[in-house]
Amino acid sequence: MLNNQLLELIKYNLLTYLLGFSAYLIFFKTTLKENNLFTNISISWGLGVTILIYSLYILAFNQKLELITLTNFNYSLGALLTIIIVSLFYFRREILSKINIINWISLLIILFLLKPIIIDSLISYLIGFDAIAMWFLKAKSFLFAKGVWDNIFFIESGFEYTNKAYPIGFPLLITGFFRLVNFAEDQIFQLYLLTFFINTLFFVYGTLREKLNNLSVFSHILTTISLFFVPVFLIYAHNGYADMAISFIFTICLGLYILAQNSKNYFGYQLLSLIISASGVLIKNEAIPFFIIMNLVFFITAFKKVNIKKILILLITISTLSIPIILWEIFKRKYNLVFYLDKTSIIDPMIKTKIIIFHFMDEFMRTSYYSLSSIIVLLTLVFQTTYLTIKKRFSILIPLMIVVLMFLSYAYVYLVTTMPLKTQLQSSFERLFLHLLPSMYLVIIYQFRNMFEDLGE
Amino acid sequence: MKFKYKYEIYLIPVLIFIAIFNFHYYGFYENDFDFNKSIIQPDFSKNEYEKIMSYHPYSIIYQYAKKFENTDNKIYLLLLQKDEKNLDYTSTYYLNLNNKSDVKIKAYLGEIGIATNYLFYPKKINTFYDLTQKELSKMEFEKNNIIISDIEIHPSYVNAYRLKRVMFDREGNPLTRINRWREDIYYLYIVDNAK
């Protein structure tokens, strides 16, 4: 028998999955049929988080956060379950034909191996600097306010160190649970945040199963566990930081591009990537360049297949997704919430570039944080890129190009920051690697798949 | 053992080697997880929030935040240690926006600052940086005000006030923090008398 708060947390997790799965099943059935259990679970989580954050933004800007009560929540969960059961019954033949016992056994094995970190997420106190200062303090402020317009945290002076101009998607996600239990329960909520890490692992594992299906399940599980059971993920998976959530979003959206390549349903993947990447913009500013790059790449590569109907759907989706972003911009301007690093300067870029490259190389060698993963990733990418360039398979290098562009966008921020560079780089580089390492795993899997096809394996 | 991919047999030892190496680092964290679990001995049928909070490095601040939750008691946070690792660039920037003097005000935050603000929220914290001894002696307090400081406050620093220091066990916390560093030293006082 579980205590009430833990039960509500499990239900909150379930709500996120069900929200995402119902949208996925109803609107993206073709995409769901093309993918395996693991990628589908992760995509459902991504969609669910997006829908939840958007709903919370609408509630917050309409001063209706008090609608988040246990009664309303239970009704919503009940309604969702009904929709899912009806939809599953309607699509039962297609769903049953996709059930793969090996996948379910792998799922249980992976969850069993994750048990120590799952338990630890439930008994850890909140101590991380950014976790308390940037995210959970803002989440707590929404516990005492009906929305943004009466939230004294934002509208009065003080708490400047929390960077009030930052998006509020992540704090609102936390507040949703706080309001359910009517308490700032910042301990067991780490399990919800751990779910981002678990779904990132699932997605990479699912892509490995899909793209390198000539290898055994044993190799797949061993590879995935080795890549993810490294200190940087173990630390950030459940310490209250938003970086694992961003890493998840980057991984899913890049993965959707990779999965789209052999699919006739390219538009479905493009739309999914657009929706999920938009939630990143509401979580952290680092997602803005990713949102632009990812969706531009999708649009350009699908340009020949575009038609009026698809353009209309994209425009309607972008307009809907923009609503919370516009509302937040209006709020920021009204209360003069300025992100102080906006006031930039470019001083001695050559000197800064040298320092950035030095730290970048240093970061790859930090085995205490990445074990062998970062070094293997770097060497493998060099090998693969050389092969693919010589073979003139440039289209296969597009995912790698997206990752490189993201690195360059971070480098640009380091070049123009007014913060002392050394201070910025010390904490920022490990976040950068955390954000992009799973994406680099996907790039390697994708490039190997194409290399094996070339070699006739 | 038969593999679908004929070269997989050559790949498996490499994967096992990478796994052993990576699990070497994972092992340290798993030991910490097991150790913390053995100390806390969680019972998931009960709400363990207070129990786990008792191991928090700023547990005493949490207790006083709860005690003074619905009161008018003022809370003072004195961040007077000029430790550069605690320099808060954002607060310093805003503090000096309208500062026309040549002397730049520096805001030091540190964990004690963010923990106090979080644990006491929505109660307002009166935060002071960069105070001289003279400025500290001119401050006015009321009975039962709380003072949290990153330096030990000698009775002579606060003019005619008696400060009762709240003692707490600094060394006895057995849990391993995920970020693996000790909390900054801090002191908690209750103002025992009105002036």
Side-chain angles (χ1 to χ4, degrees), chain A residues 1-6 116-117 119-120 122-129 132-133 136-137 140-141 144 152-153 158-163 183-185 187-188 212-216 218-219 222-223 225-227 229-231 234-235 238-239 340 367-369 371-373 376 418-420 423 457, chain B residues 1 3-8 11-12 15-19 21-26 28-30 32-34 36-37 40 42-49 52-53 55-59 87-91 93-95 107 109 111 113-115 117-118 121-122 124-125 127 175 177-179 183:
Chain A
M1 191 63 199
L2 300 172
N3 70 69
N4 282 345
Q5 294 190 336
L6 186 51
I117 194 172
I119 304 278
D120 193 69
L122 292 170
I123 62 173
S124 297
Y125 50 69
L126 193 72
I127 193 66
F129 200 101
I132 299 176
F136 280 77
L137 179 55
K140 199 175 178 183
S141 76
F144 297 96
I152 55 167
F153 177 89
F159 303 113
E160 275 77 23
Y161 64 89
T162 64
N163 285 316
F183 179 66
E185 226 302 0
Q187 288 170 6
I188 60 172
L212 296 180
N213 53 8
N214 47 0
L215 295 176
S216 65
F218 175 73
S219 292
L222 193 61
T223 307
I225 298 296
S226 302
L227 293 176
F229 277 41
V230 291
L234 298 172
I235 293 167
H238 66 308
N239 67 351
Y340 89 105
T367 53
S368 61
Y369 257 59
S371 191
L372 290 179
S373 300
I376 290 171
T418 52
M419 202 184 223
T423 311
E457 297 293 341
Chain B
M1 196 181 211
F3 293 105
K4 227 187 326 180
Y5 178 54
K6 61 188 178 201
Y7 297 115
E8 189 172 348
L11 186 60
I12 298 267
L15 292 178
I16 291 173
F17 178 82
I18 295 170
F21 215 100
N22 284 6
F23 269 75
H24 161 71
Y25 287 101
Y26 172 67
F28 294 122
Y29 289 86
E30 202 190 2
D32 291 342
F33 297 159
D34 285 341
N36 290 346
K37 190 180 157 197
I40 291 175
D43 179 357
F44 294 119
S45 66
K46 296 183 193 147
N47 187 338
E48 303 275 60
Y49 189 85
I52 295 165
M53 221 33 205
Y55 293 100
H56 197 287
Y58 303 102
S59 166
L87 183 60
D88 173 25
Y89 291 95
T90 317
S91 296
Y93 170 82
Y94 283 108
L95 272 175
L109 192 61
E111 253 182 12
I114 59 158
N117 284 326
Y118 175 68
Y121 191 90
K124 201 172 159 61
I125 310 295
T127 308
L175 292 194
R177 290 169 52 142
I178 193 74
N179 53 12
E183 65 277 15

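Note that the structure is a prediction, hence the values are computed from the model and not measured. Every chain is numbered from 1, with letters handed out A, B, ... down the list of sequences. All values below come from the heavy atoms of this structure, side chains included, with hydrogens, waters and symmetry mates left out.
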Based on non-hydrogen pairs under 4.5 Å, which of [options] is most in contact with chain B?
options	answer
A/Ile152, A/Ile225, A/Thr367	A/Thr367
A/Ala133, A/Gly158, A/Ser368, A/Ser124	A/Ser368
A/Leu6, A/Val230, A/Ile123	A/Ile123

Okay, side chain of [X], backbone of [Y]: is any donor-acceptor separation there less than 3.5 Å?
X	Y	value
B/Glu8	A/Leu215	no
B/Ser59	B/Tyr55	no
B/Lys37	A/Ile119	no

Tell me, for [X] versus chain B, whether the close heavy atoms (under 4.5 Å) come from the side chain, the backbone, both or neither.
X	value
A/Ile376	side chain
A/Thr162	neither
A/Gln5	side chain
A/Phe159	side chain

Subject >> Max heavy-atom pair count under 4.5 Å with chain A, selected residue of B/Ile40, B/Asp43, B/Asn47 >> reply: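 Ranked by contacts with chain A, first place is B/Asn47.
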Original post:
What residue, out of B/Ala115, B/Ala107, B/Pro122, has the most heavy-atom pairs lying under 4.5 Å from chain A?
Top reply: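 That would be B/Pro122.
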Does any heavy atom of chain A fall under 4.5 Å from the side chain of [X], the backbone, both, or neither of them?
X	value
B/Ile52	both
B/Asp88	side chain
B/Leu11	side chain

Subject >> Interatomic distance, A/Asn3 atom CG to A/Ile188 atom CD1 [nearest 0.5 angstrom] >> reply: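 If we round to the nearest 0.5 Å, A/Asn3:CG and A/Ile188:CD1 are 6.0 Å apart.
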Subject >> Pairwise side-chain contact, B/Glu48 with A/Gln187, heavy-atom cut-off 4.5 Å (strictly under) >> reply: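 SC-SC contact between B/Glu48 and A/Gln187 ruled out.
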Original post:
Any chance the rings of A/Phe144 and A/Phe153 have centres within less than 6.0 Å?
Top reply: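 Aromatic pair excluded; centres sit 6.0 Å or further apart.
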**OP:** Indicate whether any N or O donor in one side chain lies under 3.5 Å from an N or O acceptor in the other, for A/Tyr161 and B/Asn117.
**Re:**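 Distance-only check passes for A/Tyr161 and B/Asn117.
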Original post:
Between B/Tyr25 and B/Phe28, how do the two ring planes meet: parallel, tilted or perpendicular, split at 30° and 60°?
Top reply: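 If you compare the ring of B/Tyr25 with that of B/Phe28, the planes turn out perpendicular.
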